[in-house]
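Below: one structure, written as structure tokens.
In this text the structure is predicted, and so the values were computed from the model without any measurement. The figures here come from the full heavy-atom set of this structure, side chains too, leaving out hydrogens, waters and symmetry mates.
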Amino acid sequence: YYTISMIVREEAAKRGIQITRKNLQDLGNEIREKEGGGAWAKRIVEKIKREKEEKDYIIDGIRNPGEVKELRKLPNFFLIAVDAPQKIRFERVLKRAKPSDPKTWEGFLEIDERDFGKNEPEWGQQVGECMEMADFYIMNDSDIDTFKRKIREVYDKIKFER
């Protein structure tokens, strides 16, 4: 299991950048502008290749279509978009209580709009465009058991397509 934000956080720590959502978004954009839209995905792919194991991976937190394009170079790559209504996502953000997460509805909306591409350059946050590129879509708007069932259904389809 890898997340794009894990790789961004590692880079932020190397640079001594304070871990806030805005700082991580800014750093993510900076590297994509310099190295291309797929820069963060390339770093994850390098980690996977170093493992030299034949296994399945989950890569979370894809924010730019360049990352999707880079990951599509992997054999048997499937993009699954998982979404939920804004209010539910905000409630979940408050519950997980990451230090870098917004604490207010207004702060959440600001970050969420940026994630979905508002006022962002092409190398910036473009979650909405990434979701449009998905092979599968899951609405995660109810309880955990329903979500697990939906994941199982998608996984079974993926196993069949391989």
Apply side-chain contact (heavy atoms from CB on, under 4.5 Å) to residues Ile59 and Ile48 and explain how you reach the verdict.
CA-CA 11 Å; Ile59 301 169; Ile48 289 170; 4.0 Å; yes
Lys69, NZ: over 12 other non-hydrogen atoms inside 6.0 angstrom:
no
When clusters are formed by joining ILVMFWY residues with side-chain heavy atoms under 4.5 Å apart, either directly or through shared neighbours, do Tyr57 and Met6 land in the same one?
yes
What's the spacing between Glu70 CD and Asn64 CG if we round to 0.5 Å?
11.5 Å
Taking NZ, NE, NH1 and NH2 as the nitrogens, is one of them in Asp83 or Arg89 under 4.0 Å from a carboxylate oxygen of the other?
yes
Pick one: which of Ile19, Leu27, Asn23 meets side-chain contact (heavy atoms from CB on, under 4.5 Å) with Val8?
Leu27
A side-chain contact here means heavy atoms from C-beta on lying under 4.5 Å apart; do Asp135 and Ile80 qualify?
no
Would you give the length of the straight line joining atom CD1 of Ile4 to atom CZ of Arg32, rounded to the nearest 0.5 angstrom?
8.0 Å
In Å, rounded to the nearest 0.5 Å, how long is the span from OG of Ser5 to CZ of Arg21?
8.0 Å
Going hydrophobic residue to hydrophobic residue with side-chain gaps under 4.5 angstrom, can you get from Phe78 over to Val82?
yes
Checking Lys118 side chain against Phe116 main chain: does a donor-acceptor pair fall under 3.5 Å?
no
Hey, are Tyr2 and Asp60 close enough side-chain-wise for a donor-acceptor pair under 3.5 Å?
no
Applying side chain to side chain donor-acceptor pair (under 3.5 Å), name anything that partners Lys87, two or more places apart in sequence or on another chain.
none
Work out which heavy atom in Met139 is nearest to a heavy atom in Ala84; give both atom names and the distance.
SD-CA, 3.6 Å
pair Leu94-Phe90: side-chain heavy atoms closer than 4.5 Å:
yes
ILVMFWY cluster, Val154 and Leu79 together (side-chain gap under 4.5 Å):
no
Salt bridge or not for Lys22 and Glu110, using N-O below 4.0 Å?
no
Could you go through residues 122-133 and list every donor-acceptor pair under 3.5 Å that involves a side-chain atom there, pairing it with any protein atom two or more places apart or in another chain?
{"residue": "Gln125", "atom": "NE2", "partner": "Asn29", "partner atom": "OD1", "Å": "2.9"}
{"residue": "Gln126", "atom": "NE2", "partner": "Pro121", "partner atom": "O", "Å": "3.0"}

Tabulate below the donor-acceptor pairs under 3.5 Å that side-chain atoms of residues 38-47 make, not counting sequence neighbours, or state none.
{"residue": "Trp40", "atom": "NE1", "partner": "Gly28", "partner atom": "O", "Å": "3.1"}
{"residue": "Arg43", "atom": "NH1", "partner": "Glu11", "partner atom": "OE1", "Å": "3.4"}
{"residue": "Arg43", "atom": "NH2", "partner": "Glu35", "partner atom": "OE1", "Å": "3.3"}
{"residue": "Arg43", "atom": "NH2", "partner": "Glu35", "partner atom": "OE2", "Å": "3.0"}

Looking at Lys157 and Glu153, is there a salt bridge between them, counting it only when a charged N and a carboxylate O are closer than 4.0 Å?
no
Are Phe136 and Phe147 linked, directly or through other ILVMFWY residues, by side chains that come within less than 4.5 angstrom of each other?
yes
Is it true that Glu113 and Asn119 share a donor-acceptor pair across their side chains at a distance under 3.5 Å?
no
Donor-acceptor check, side chain of Arg63 to backbone of Gly61, threshold 3.5 angstrom: yes or no?
yes
Taking it one step at a time, do Arg72 and Glu67 satisfy salt bridge (charged side-chain N to carboxylate O under 4.0 Å, His left out)?
CA-CA 9 Å; Arg72 287 221 186 269; Glu67 294 161 353; over 6 Å; no
Are any non-hydrogen side-chain atoms of Thr146 and Asn140 less than 4.5 angstrom apart?
no
If two hydrophobic side chains count as joined below 4.5 Å and joins carry through other members, does Leu24 share a cluster with Phe108?
no
Would you call Asp143-Arg149 a salt bridge at under 4.0 Å N-O?
no
Decide yes or no on side chain to side chain donor-acceptor pair (under 3.5 Å) for Ser100 and Arg9, but give the supporting numbers first.
CA-CA 11 Å; Ser100 60; Arg9 285 170 192 272; 3.1 Å; yes
Are any non-hydrogen side-chain atoms of Arg114 and Asp26 less than 4.5 angstrom apart?
yes
